[in-house]
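By convention in this document, chain letters (A, B, ...) are assigned in the order of the sequence lines, proteins followed by strands, and residues within each chain are numbered from 1. Side chains are part of it too, since the values below use all heavy atoms of this structure and drop only hydrogens, waters and symmetry mates. Note that the structure is a prediction, hence the values are computed from the model and not measured.
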Amino acid sequence: MNPVSAQADGRVRVRMAPSPTGPIHLGNVHTSLFNWLFARQRQGVFVLRFEDTDAARSDPKWERVIYDELRWLGLDWDEAPEPGGPYGPYRQTERLHLYRDWARRLVDAGAAYECFCSVEELEAERAEAQSGGRSYQYSRKCRNLSPERRADLLAGGRQPSVRFAIPDGQTVVVDDIIRGRVEFPTSAMGDPIIMRPSGVPLYNFAVVVDDLTMKVTHVLRGEGHISNTPLQVLIYQALGERLPLFGHLGHITGGGGSKMSKRRGEGYIGFYREMGILPDAMFNYLALLGWTPGGDREILTRREILAEFDIGRVTPAPSQFDLEKLLWVNGHHIRRLSVDELARRCAPFLASAGLVPAEPTPAELEKIVGVVALEQIRIEYLQAIVDATRFFFQETLSYTPQAVKMIEEPGVRAVLATAAERLRGLDTWTVESLERAGAALLEQLGQPPRAVYQPIRASVTGRTASPPLFDTLYWIGRDWSLERLSAACAGRPLPVGAPSGEKADKGQEQQE
RNA sequence: GGCCCCAUGGUCAAGAGGUUAAGACACUGCCCUUUCAAGGCGGCGACACGGGUUCGAGUCCCGUUGGGGCUACCA
């Protein structure tokens with residue numbers, strides 16, 4: 001019927017329409033990912049459009065933040081305010097003339113009408129219905145105004161809003177890609193306002209105009225929108241436009257099924273970026289919420305996910321975001337990285353903690369790579385590298401209570417003194433020479449490894465757990481190792497540090 | 001209140017009428033081991049409830065309960 005609605009070609013077109021009112025919420029990141037997967041898999045188009053009609057809360061500065069967040073995850077788009085596209089503009093506030101035009105068509109076709117009721121009048125209607133215990137629905141009293149009455153009201157300076165006339169006694173059927181057939185009786189819908197007197201559209205109307213003029217073929221969005229769908233379908237039909245296909249994804253919730261807490265930032269992707277979740281891991285984990293490739297595989301690359309993603313296998317049920325599992329997935333992705341790559345990613349975390357310079361010398365770089373290699377199988381997120389390797393980079397050491405206790409065990413100081421003496425006598429300080437020295441030490445003392453190595457570990461790291469002892473000694477270096485050993489057997493009180501997230505001692509893990 | 005969505009262990013989830021109801025995270029036992037990890041082998045633990053349909057129901061239908069959404073001149 002309308003040329004605008006004809007599909008340009010056979011390509012799939014999907015969209016994501018965030019509001020620039022803050023960082024993009026994790027639930028929307030999840031929806032974006034599924035849209036992106038769907039589009040990319042079919043050589044389709046992914047459109048990014050901003051719903052900024054809520055003037056009070058929208059701020060263009062958030063657009064950039066949202067771009068950055070999506071880019072971080074590795075999602076790209078084909079049309080958006082930047083770089084533009086054939087169906088722009090892509091901000092609703094720049095599309096006001098379009099909504100006006102389409103609203104006019106609806107009114108002309110008799111599918112919508114001007115409503116002159118004031119906010120106060122509507123409020124009164126609502127209050128009356130409620131006091132009578134009835135559920136409220138607009139009275140539709142403006143639905144059939146006479147031309148004379150309308151002229152009077154206009155002359156009186158009243159600015160009308162536009163309401164969509166819900167047809168009586170119909171059942172709207174939505175064939176949801178994810179949920180199957182869903183039916184809605186129109187009797188449950190009042191005539192909704194679609195245009196404010198100011199000419200700014202309401203969401204349910206703007207989204208239809210946008211989707212149809214942008215030729216969106218598949219609307220994949222959160223389940224919260226399923227109740228909005230029948231109204232939108234009726235608008236498409238009144239306009240004589242072809243419907244897109246709808247698919248409503250289950251919501252992503254926080255722990256306990258509650259809303260994701262915004263308080264500490266868990267609901268936003270920046271929180272995870274800052275703690276050192278890898279984009280690939282987030283991509284992997286998010287894809288697994290509501291979808292599985294089948295079989296028992298969980299750790300997947302982008303390529304694998306893209307190749308196997310199937311919108312038909314997406315579940316309708318909501319799912320809880322589980323940080324523990326994200327960390328486990330992240331651990332796998334960390335271990336998949338080459339040591340150099342992991343070191344490159346860890347360096348900024350070490351630098352901002354003041355442990356290494358922002359621009360390390362080759363020797364410093366070698367040490368970073370060395371210690372990162374030791375921690376690769378031990379950390380689950382990049383930020384953890386800081387506490388895990390502090391003792392390698394900081395000369396002054398603080399000891400955990402457990403480490404102090406270990407050093408103060410009877411007989412331990414004698415062991416440490418012997419160890420210090422032996423290590424001091426080494427000509428070379430390599431992992432191999434240290435291993436030989438360790439073996440010799442065991443023989444000399446006639447003690448099991450545990451009784452000797454653990455006190456040494458406690459002395460040089462300040463804790464009871466670390467990477468393998470000789471690698472640890474090597475990277476701490478000769479000078480610091482010997483100093484720390486001497487300090488430990490000297491018998492002076494050792495500085496006990498506030499638990500700073502020592503990963504080693506269970507129960508002391510720093511709370512994120 | 002009305003309309004709608006959802007429901008397999010604490011969590012993510014396989015399952016498309018007939019299975020001893022997968023697998024993963026978490027928890028836990030053992031192995032490996034100088035500690036911590038990682039890894040390997042085990043363990044605990046579920047079809048929300050009640051009715052139907054069927055020879056047979058986690059799977060289909062109805063109801064109940066629980067969670068969520070919409071019902072705005074929010075998106």
Side-chain angles (χ1 to χ4, degrees), chain A residues 17-19 21 51-54 56-58 92 115 117-119 122 126 129-130 133-137 161-163 174 176 179 182-190 192-198 200-204 206-207 222-231 248 250-251 253 255-259 285 288-292 294-299 313 315-329 331-332 335 374-380 388 406 438 442 448-454 456-458 461 463-470 472 502-506:
Chain A
S19 300
T21 55
E51 302 197 335
D52 59 349
T53 54
D54 185 348
R57 294 191 298 147
S58 297
Q92 290 186 330
C115 173
C117 295
S118 67
V119 173
L122 296 172
R126 193 180 336 240
Q130 275 169 0
R134 285 169 289 127
S135 58
Y136 172 72
Q137 217 169 63
S161 55
V162 178
R163 283 188 189 267
V174 177
D176 192 283
R179 282 151 217 272
V182 186
E183 300 183 359
F184 302 84
T186 56
S187 58
M189 305 183 226
I193 292 181
I194 57 173
M195 290 288 281
R196 297 177 171 101
S198 63
V200 175
L202 261 62
Y203 169 75
N204 277 308
V207 75
E223 66 177 315
H225 286 290
I226 195 160
S227 310
N228 291 322
T229 310
L231 203 213
H248 291 91
H251 259 140
T253 67
S258 61
K259 280 192 177 178
Y285 178 68
L288 257 23
L289 253 27
W291 173 77
T292 48
D296 59 3
R297 290 172 311 141
E298 305 252 28
I299 304 302
R313 280 185 67 85
T315 59
S319 44
Q320 292 188 35
F321 187 88
D322 181 10
L323 180 59
E324 290 288 345
K325 184 144 185 177
L326 203 214
L327 288 171
W328 174 78
V329 171
H332 275 271
R335 279 170 247 138
L374 297 180
E375 289 295 335
Q376 184 160 23
I377 59 167
R378 297 181 165 77
I379 57 171
E380 285 189 307
M406 185 174 283
L442 293 187
R450 184 187 176 90
V452 178
Y453 295 165
Q454 274 300 84
I456 297 175
R457 168 175 283 114
T461 68
R463 36 185 103 172
T464 54
S466 81
L469 184 60
F470 304 112
T472 300
E502 176 172 288
K503 195 172 166 19
D505 291 328
K506 277 222 156 139

N/O (side chain, H225(A)) to phosphate O (OP1/OP2, G68(B)) under 4.0 Å: no

Base paired to C36(B) (Watson-Crick or G-U; both N/O distances under 3.5 angstrom): none

Touch class at under 4.0 angstrom, heavy-atom based, for R457(A) against every strand present: base

Short side-chain N/O contact from S198(A) to OP1 or OP2 of C73(B), under 4.0 Å: no

Centroid-centroid distance, H225(A) to Y203(A), less than 6.0 Å: yes

Nearest-angstrom distance, P atom, A26(B) to A7(B): 26 Å

Under 3.5 Å donor-acceptor pair, K325(A) side-chain atoms to A24(B) base atoms: yes

Sugar-phosphate only, base, or nothing, as touched by P230(A) at under 4.0 Å among non-hydrogen atoms: nothing

Base versus backbone protein contacts along nucleotides 3-8 of chain B [heavy-atom cut-off under 4.0 Å; B, S, -]: SSSSS-

Identity of whatever pairs with A48(B) - Watson-Crick or G-U, under 3.5 angstrom: U64(B)

Touch class at under 4.0 angstrom, heavy-atom based, for P197(A) against every strand present: base

Residue whose closest nucleotide on RNA chain B lies nearer the 5' end, Y285(A) versus E298(A): Y285(A)

Protein N or O to nucleotides 41-49 of chain B N or O, pairs below 3.5 Å:
none

Gap in Å between the two P atoms, one belonging to U19(B) and one to C27(B), rounded: 34 Å

Between G45(B) and C60(B) - C1' atom distance, rounded Å: 28 Å

Euclidean distance for P, A75(B) against U71(B) (whole angstrom): 11 Å

Sugar-phosphate only, base, or nothing, as touched by I193(A) at under 4.0 Å among non-hydrogen atoms: base

S19(A) vs T315(A), nearer the 5' end of RNA chain B by closest nucleotide: T315(A)

Any R313(A) side-chain nitrogen or oxygen under 4.0 Å from OP1 or OP2 of G15(B): yes

Watson-Crick or G-U wobble partner of G10(B), both distances under 3.5 Å: C25(B)

Separation between the C1' atoms of A46(B) and U20(B), rounded to whole Å: 15 Å

